[in-house]
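Okay, structure first, notes after.
Model, not experiment: these values are computed from the prediction. No hydrogens, no waters, no symmetry mates; every other heavy atom, side chains included, goes into these values.
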Amino acid sequence: MTPDRAAGLVESARALADGEVSSRALVEQALARIEASRPGVNAFRIVRAEAALAEADAADEELAAGVRKPLLGVPVAVKDDMDVAGEPTAFGCDGEFPPVAEDGEAVRRLRAAGAVIVGKTNTCEFGQWPFTEGPAFGATRNPWNHEHTPGGSSGGSAAAVAAGLVPAALGSDGAGSVRIPASWTHLIGIKPQRGRISTWPRGESFQGITVNGTLARTVADAALLLDAASGNHERDPHRPPRIDAFEAVGRDPGRLRIALALKPPFTAMPAHLQPEVRARVVQLADKVARLGHVVEEADPPYGQIGLTFIPRATAGIAERVAEAPFPALLDRRTRDAARLGRLLGGAPLRAARRAEAVLHRRIGGFFESYDVVLAPTTAAPPPRIGSMLALSGFATDRAMIAACPYAWPWNVLGWPGVNVPAGFVSGGLPVGAQLLGPAGSEPLLISLAAQLEAELRWHEAWPPELAVTDAPAG
């Protein structure tokens, strides 16, 4: 392990269990990296230095007593839309927020697995946009190129992992908000089945389109964190059957039928796959075929799925705005989206929710011919910092759809998707591809991602300033 960057989640947990390192040492190193990264990367809204060190000391006592838990003593981060007892949950908004009394269910489960929560990562206001900037905290920057965004809305979590500050982090995904920043920071990003990781104290976040997911450098790390965070509050409305994500990492996926889906779903606004990104995704598809899978171009029958997304997304914004303690500090685009959400929150929202079952049947039929969909995660590489910050609402929507037209349908469906790195384009900027499946298909997607990782070794690449040898200093 090098203190300059975090070891992986699996490696950290093993080293702790074997007594090779203490939790206090790992947490101290993480806190030092976070502090040193603030001027450049700015990934964290809240750093729990004192509390995290106390939790590390408690973990070391447990380890010394022979206690073993999946993540005992390992430092991780969570996005600032998740409740951590004693800390505010600002969700990217400006203003002073009171501390919450209880952990959210996902955080409670991470603690039960022994993890030490070192901090809460930056996100854009209510997680609406594919960038992580705003007056509340400034700009979070991409570790691969500080002039560009890491994406959003889980940009802080992605930046923290990509910069080697922590081995893994939780994010949330309502329209690609785990997968988009994962693609733009060269990470694995797992958006699980709806309900796999609880969003409690909200049984449904943003009318069911938002789920919690994991970001890590390797498939094994992302799967281990998924297992640790998975499970439900007794009042959760969605309770999918349990899976063993980590076990799937070592499983042969078999010979799969894979649909290469390059056409963006209908968005009512222009969206074109940029040639450089297309080339990287097609190159990845060629690698998949060389592994023995059957790959052919085919697009899921999305139809007018976008008409069901907008009422759910904007009604979710309206719910958040109604609870905001400082509405005057909210971005005008947020207030405009909330007004639209209030207009669509009756019959249109009910119709959108009913349409999900129809979409499940129609798009589910596609999986009678194919096992997995391979699609671009984004249509473009990460934009420059500030390029969307001052746009009007309509111009922001147009820019978002142009850059990110591929991820959101799987949020409407509530099904799993995994971003995998697809390589780099001009300027050394990362791009990614999605592996998408039907309900409960996380094990299959994870096993395919792990098979690709074993061939492509994408986790061995680090941002330029971190691309140093792991050999100990002489």
Side-chain angles (χ1 to χ4, degrees), residues 91-94 123-136 139-140 148-155 173-177 179-181 184 206-207 209-210 263-274 277 302-322 324 326-349 351-352 355 376-412:
F91 202 172
C93 297
D94 203 0
T123 175
C124 58
E125 194 168 285
F126 294 137
Q128 300 168 83
W129 305 304
F131 56 84
T132 303
E133 303 166 54
T140 297
H148 291 258
T149 181
S153 64
S154 305
D173 189 314
S177 286
R179 291 162 289 156
I180 290 166
W184 284 347
F206 290 89
Q207 292 293 319
I209 61 174
T210 294
K263 181 181 178 181
F266 173 76
T267 58
M269 289 186 184
H272 303 288
L273 180 58
Q274 291 192 11
V277 181
Y302 289 121
Q304 306 295 308
I305 191 171
L307 299 178
T308 73
F309 176 80
I310 294 169
R312 296 172 74 165
T314 57
I317 293 293
E319 292 167 359
R320 300 284 181 151
V321 168
F326 308 105
L329 297 180
L330 295 174
D331 191 296
R332 70 186 143 68
R333 293 170 291 186
T334 301
R335 298 195 296 268
D336 289 345
R339 278 193 288 273
L340 179 59
R342 288 190 289 272
L343 289 173
L344 299 179
L349 176 60
T377 303
T378 68
R384 285 189 171 274
I385 292 288
S387 62
M388 296 188 197
L389 192 59
L391 297 178
S392 68
F394 178 78
T396 302
D397 290 343
R398 189 180 179 94
M400 282 198 303
I401 288 168
C404 305
Y406 288 100
W408 56 270
W410 246 245
N411 295 91
V412 172

Completion exercise
Quick note, salt bridge (charged side-chain N to carboxylate O under 4.0 Å, His left out) partners involving residues 308-320, not counting sequence neighbours, are R312-E356
Exercise for the section: Rounded to the nearest 0.5 Å, what's the gap from CD1 on I310 to CG on L349? Could you check? Expected result: 12.5 Å
Handout entry: W408 side chain reached by I209 side chain, heavy atoms, under 4.5 Å
Key = no
Handout entry: Check: T140 and P150 side chains under 4.5 Å, non-hydrogen atoms
Key = yes
Exercise for the section: Specify the closest pair of heavy atoms between R332 and L391, including all atoms of both residues, with the distance to one decimal. Expected result: NH2-O, 3.5 Å
Completion exercise
Looking only at heavy atoms, the pair that brings S153 and T123 closest together is O-OG1, 2.9 Å
Fill in the blank from the handout: Smallest heavy-atom separation, I385 atom then A139 atom, equals CG2-CB, 4.0 Å
Handout entry: Shortest non-hydrogen separation from A337 to Q128 and the atoms involved
Key = CB-OE1, 4.2 Å
Problem - Flag, side chain of N411 to backbone of D173, donor-acceptor distance under 3.5 Å - result: yes
Problem - Backbone of T396 reached by a side-chain donor or acceptor of R333 within 3.5 Å - result: no
Handout entry: Rounded distance (nearest 0.5 Å) linking atom CG of D331 with atom CG of L389
Key = 7.5 Å
Problem - Smallest separation among heavy atoms of A355 and T308, with atom names - result: CB-CG2, 3.6 Å
Practice task
Look at atom CZ of R335 and say whether more than 12 heavy atoms of other residues, nucleotides or ligands are closer to it than 6.0 Å.
Solution key: yes
Exercise for the section: Report yes or no: does T132 contribute a side-chain atom to a donor-acceptor pair with the main-chain N or O of C124 at less than 3.5 Å? Expected result: no
Problem - V277 versus A379, closest heavy-atom pair with distance - result: CG2-O, 3.8 Å
Practice task
Can you measure from OG1 (T314) to CZ (R339) and round to the nearest 0.5 angstrom?
Solution key: 12.5 Å
Exercise for the section: Check whether any side-chain heavy atom of Y302 sits under 4.5 Å from a side-chain heavy atom of T267, and report yes or no. Expected result: no
Completion exercise
Residues passing the side chain to side chain contact (heavy atoms under 4.5 Å, CB included) test with P130, sequence neighbours excluded, are I180, W184, M388, M400, C404
Handout entry: side chain to side chain contact (heavy atoms under 4.5 Å, CB included) involving P264 - partner list, sequence neighbours excluded
Key = A271, P405, Y406
Exercise for the section: Check whether the side chains of E133 and T149 place a donor and an acceptor atom closer than 3.5 Å, and report yes or no. Expected result: no
